[in-house]
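These notes concern the structure reproduced below.
Predicted model, so just to flag it, every value in this text is computed and none were measured. Letters go in sequence order (proteins before strands), and every chain restarts at 1.
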Amino acid sequence: METMGNLRRTHYSYETVALPEGSEVTAAGSIAKCRDLGGMIFADLRDNYGVLQLAFNEGTPKDVFEKASALKSEYVVIAKGKLRARESVNKTIPTGLIELYVSELRILSEAETPPFEVREGINVNDELRLRYRYLDLRREGLHSTMVLRSDISRAVREYYLSRHFIEVETPVLIKSTPEGARDYLVPSRVQPGRFYALPQSPQLYKQILMLSGFDKYFQMARCFRDEDLRADRQPEFTQIDIEMSFVDEEDVRRENEGLVTGLFRQFMGIDVPAPFPCMTYAEAMRRFGSDKPDTRFGLELVDVSVVCEGCGFGVFENAIAGGGSVRLINAKGLAESISRKEIDRLTETAKTYGAKGLAYLRMAEGGETSSYEKFLSDEAISALRKEANAEAGDVLLVVADKDDTVFAALGALRLEIAKKNSLFDENQFNFMWVTDFPLFEYDEENGRFVAKHHPFTMPKEEDIPKLDTAPGECRAKAYDMVVNGVELGGGSIRINDPALQARMFKLLGFTDERAKENFGFLMEAYRYGAPPHGGMAFGFDRLVTLMAIKDSIREVIAFPKVQNAGEPMSGCPDTVEAKQLDELHIASTAKEP
RNA sequence: GGCCCGGUAGUUCAGUUGGUUAGAACGCUAGCCUGUCACGCUAGAGGCCGUGGGUUCAAGUCCCAUCCGGGUCGCCA
C-alpha cells in the first residue's frame with residue numbers, strides 16, 4: 001500500500017476525451033479489469049463516470065511495470081501519464097479512442113477477491129447484493145441510478161424554489177397519532193414512559209406552516225411506516241412534500257404536474273401533455289377496478305348485473321341480492337393464449353383478492369367452453385354476450401361478489417392479462433389525476449368509518465350536508481397522481497374551519513378529549529386564523545423508479561431494507577445492551593435470537 | 001399472520017424414476033503470451049447440496065420442521 005504522495009487527480013475519465021494527445025493526466029479510481037498480455041498490460045480504471053484504459057509496456061519504467069503486473073480487480077490506484085491514441089480502438093466506450101500511457105503508478109489500497117464480479121451483465125441474487133451493497137453500488141447500473149436520483153432531486157428543489165416555495169425541515173421526532181399506519185416509536189430517556197414517533201409524513205407540521213404564513217412550502221421529507229414491505233414500499237422512504245395556501249384542487253394539481261412534465265422533458269426527452277386528464281374515483285373503479293388505473297390498454301370492466309338478475313344462476317343472483325354485482329372482462333381475441341390451464345391460474349389470482357371463483361366463457365376455434373352458461377337461460381346468455389360484446393376468439397372472465405371484491409379481482413386480472421400478452425407500450429406514460437375520492441371508508445374490523453385520506457381532508461362542498469346522514473357517499477377534495485397503474489403521489493385540500501374539523505373528528509369516532517389530546521395543537525392553531533390550504537406529496541423513490549425504468553424501489557435506494565425490515569449490510573435492527581434499555585426505562589422481555 | 005417461488009463450488013446455474021467419484025460457465029491461483037478490451041493458451045485449487053430431524057440398503061433428489069431471500073394478500077390515514 002502506498003500513499004498518494006504528491007499525485008492528485010487532474011481529470012475524471014470522461015474529461016480525457018476532450019484533451020489533445022500527449023496531455024499529462026493523473027487519473028484515480030479502482031481497477032475494473034486487467035488484461036496482462038505478457039510484454040504488455042492493460043488495466044481498466046473505473047471512476048465515478050466511467051473507465052479509462054491504463055497501458056503499460058516495455059517503455060514503462062521497470063518498477064511501474066512490475067506494479068502493474070501485480071494489479072488485481074478492485075485495487076485502488078492513482079496513475080500519472082500521457083494520453084495517447086490507441087492502436088486498436090474500442091467503439092463501445094466513450095474513452096475507446098485513447099488510453100493513459102502510465103509513467104507513475106501508486107497502489108493506494110489492495111482488495112480481496114470480491115464475492116461477486118463487480119460489473120454489469122451478471123446476475124447476482126438480491127441477498128448478496130445487499131449484504132455487500134458497497135460493491136453493488138460500484139457497478140455501473142446501480143451507480144448511475146444513484147447519480148440520476150441525485151440529479152432528479154436537484155431538479156425538484158430547483159423547480160419549487162424557483163416558484164417561491166420555502167424549504168422547511170420539520171422534526172423527525174414527533175408525537176404519535178393513532179390514525180393510519182403503524183408508527184415507529186422512539187423512547188424518551190428524559191421523560192420516562194413517554195415516546196416519540198417517527199413521522200409517517202410531515203402532514204400536521206406543513207399545515208401549521210401554512211398557518212404560519214409561509215404561503216408555499218416544500219421539503220424532501222424522510223417518512224417512516226412500520227408496515228410490511230413490497231416491491232414498491234419501504235419502511236423508510238422519501239417524499240416530496242408540498243403545501244400551498246389560498247388554493248383549491250385545480251391550483252395544486254396544475255402547480256405539481258408542472259414538476260413532473262418538466263422532469264420528464266429534462267431527463268427522458270418525453271413531452272407529457274398537460275393538464276393531465278382527470279377521472280373520478282367512481283369512474284376509475286367502475287371501468288378499471290382500481291383507484292390507480294393503468295389506462296394504456298383496454299380490457300375494461302363491464303357491469304352485467306342487470307342482465308344477470310333472475311338469470312337462474314345462484315352464484316350471480318346471490319351476489320346481486322347481497323348488494324354486490326356481476327362484472328366481467330372481455331379478453332378480446334385472446335382465446336388462443338388464454339388456455340383452460342391459464343384460466344385456472346387466473347382463477348387463483350382472483351381468489352387471492354377474495355373472489356370465491358372465476359366464471360368464464362372461452363370462445364376458442366375448437367369450440368366454446370363455459371363454466372356458467374349451462375346454468376343460464378338462453379335469454380340471459382344472449383343478453384350477457386351482447387353486453388360483453390362477445391365474439392369468436394374472445395374470453396369472458398366473470399366475477400360475482402361484493403363490489404370491493406369484484407373490483408379488486410377483475411382489476412388484478414386486467415393487469416395480469418395485459419402483462420402476459422404485452423397489451424401495452426412500455427414507452428408510453430399515461431399521467432392522470434384520480435379525483436373525488438370517498439371521504440371515508442368503512443373499517444369492517446372496527447365497525448366504524450375511517451378517513452380514506454386523512455382526517456384533515458376537506459369534503460366536497462356539496463357533500464357537507466350529507467356528512468352525518470350518509471358518510472359513505474361523501475366525497476373528498478382529494479386527488480392522486482397516477483401513471484401507468486402507479487400511484488405517484490396524492491394530496492388534498494385541508495379543512496381550515498375548526499368547527500368542521502371538530503365535526504370530522506366526531507364522525508371518525510373521536511371523543512372530544514381524544515381529539516384534543518391528539519390534535520389539540522392543530523385545533524388551537526386554527527383559532528388564530530387559517531388560510532385555505534392544500535397540498536400533496538410525491539413518493540420520491542417511486543418517481544425515480546419510474547424514471548430509471550426499474551422494477552423495484554430497492555434499485556433506486558442506496559441502502560434499502562429487505563422483507564423482514566432489516567438492512568443486511570449493517571445487520572439492523574439489532575439487540576442493544578441492557579444499560580441502554582435501562583436508561584430508556586424499558587424492560588427487556590424479548591428473547592435473545 | 002396467510003399463500004406462492006427459491007436456497008447445490010467465490011458467482012450464476014445444471015443435476016433424469018432416490019443409485020458409481022455432484023458437473024458447466026465465469027471468477028480465483030500458477031505458468032506462457034507486445035495491442036487487449038468477455039484477451040488467448042496450458043495446468044490447478046475450490047462442495048456440511050441453507051440448517052436440524054425423519055423415511056430408506058441408499059437422499060442434492062422424498063417427508064416434517066426451521067432459517068434466509070424474493071413476490072404477494074392482509075396491512076400501508
Classify the side chain of A:R84 versus the base of B:G35 as yes if they form a donor-acceptor pair under 3.5 Å and no if they do not.
yes
Set out, line by line, the N/O atom pairs under 3.5 Å between protein and nucleotides 1-8 of chain B.
unit_1 : atom_1 : unit_2 : atom_2 : d
B:G1   : O6     : A:D228 : OD2    : 3.3

Mark yes or no for a side-chain to base donor-acceptor pair under 3.5 Å between A:E87 and B:U36, with no hydrogen or angle criteria applied.
no
Please confirm whether the backbone N or O of A:D294 pairs with a side-chain atom of A:R414, one donor and one acceptor, at under 3.5 Å?
yes
What nucleotide, of B:U12, B:G71, B:U34, holds the atom closest to the side chain of A:V124?
B:U12
Would the base of B:C37 count as contacting A:R86 through its side chain, where contact means a donor and an acceptor less than 3.5 Å apart?
yes
With rounding to whole Å, what would you report as the distance between B:G71 and B:A24 at their P atoms?
33 Å
In whole Å, what separates the C1' atom of B:C28 from that of B:C62?
36 Å
Minimum side-chain heavy-atom gap A:L173-A:L198 below 4.5 Å
yes
Tell me if a side-chain donor or acceptor on A:Q207 pairs with a main-chain N or O of A:R494 at a distance below 3.5 Å.
no
C1' atoms of B:A25 and B:U8, separation to the nearest Å:
15 Å
For RNA chain B, whose closest nucleotide is more 5', that of A:D36 or that of A:R119?
A:R119
Any donor and acceptor pair, going by atom type alone, linking the side chain of A:Q234 with main-chain N or O of A:E236 inside 3.5 Å?
no
Over how many whole Å does the gap from A:R233 atom CZ to B:G70 atom P extend?
14 Å
Ignoring hydrogens and geometry, is there a side-chain-to-backbone donor-acceptor pair from A:D463 to A:R475 under 3.5 Å?
yes
Could you say whether the aromatic ring of A:F42 and the base of B:U36 stack, counting only centre distances under 5.5 Å and plane angles under 30°?
yes
With a cut-off of less than 4.0 Å, is there a side-chain N or O of A:N564 near OP1 or OP2 of B:G69?
yes
Go ahead and name the base partner of B:G44; Watson-Crick or wobble counts if both distances stay under 3.5 Å, otherwise write none.
B:C28
Do A:E58 and B:U34 have a side chain to base donor-acceptor pair shorter than 3.5 Å?
yes
Side chain of A:L37, heavy atoms from C-beta onward: which of B:U34, B:C37, B:G70 has the nearest atom to it?
B:U34
Looking only at atom C1', what distance separates B:G27 and B:G44, rounded to whole Å?
14 Å
Determine the interatomic distance between C1' on B:U29 and the same-named atom on B:G10; round to the nearest Å.
13 Å
Between A:C34 and A:P114, name the one whose nearest nucleotide on RNA chain B is closer to the 5' end.
A:P114
Using the P atom as the reference point in each nucleotide, state the distance between B:C49 and B:G23 in Å, no decimals.
15 Å
Suppose you measure atom C1' in B:G40 against the same atom in B:U34; what distance do you get, rounded to whole Å?
13 Å
Do the side chains of A:F56 and A:L105 get nearer than 4.5 Å, heavy atoms only?
yes
With no hydrogens and no angle check, is any side-chain donor or acceptor of A:E243 less than 3.5 Å from a backbone partner on A:Q203?
no
Does A:E15 reach the main-chain N or O of A:Y12 with its side chain, forming a donor-acceptor pair under 3.5 Å?
yes
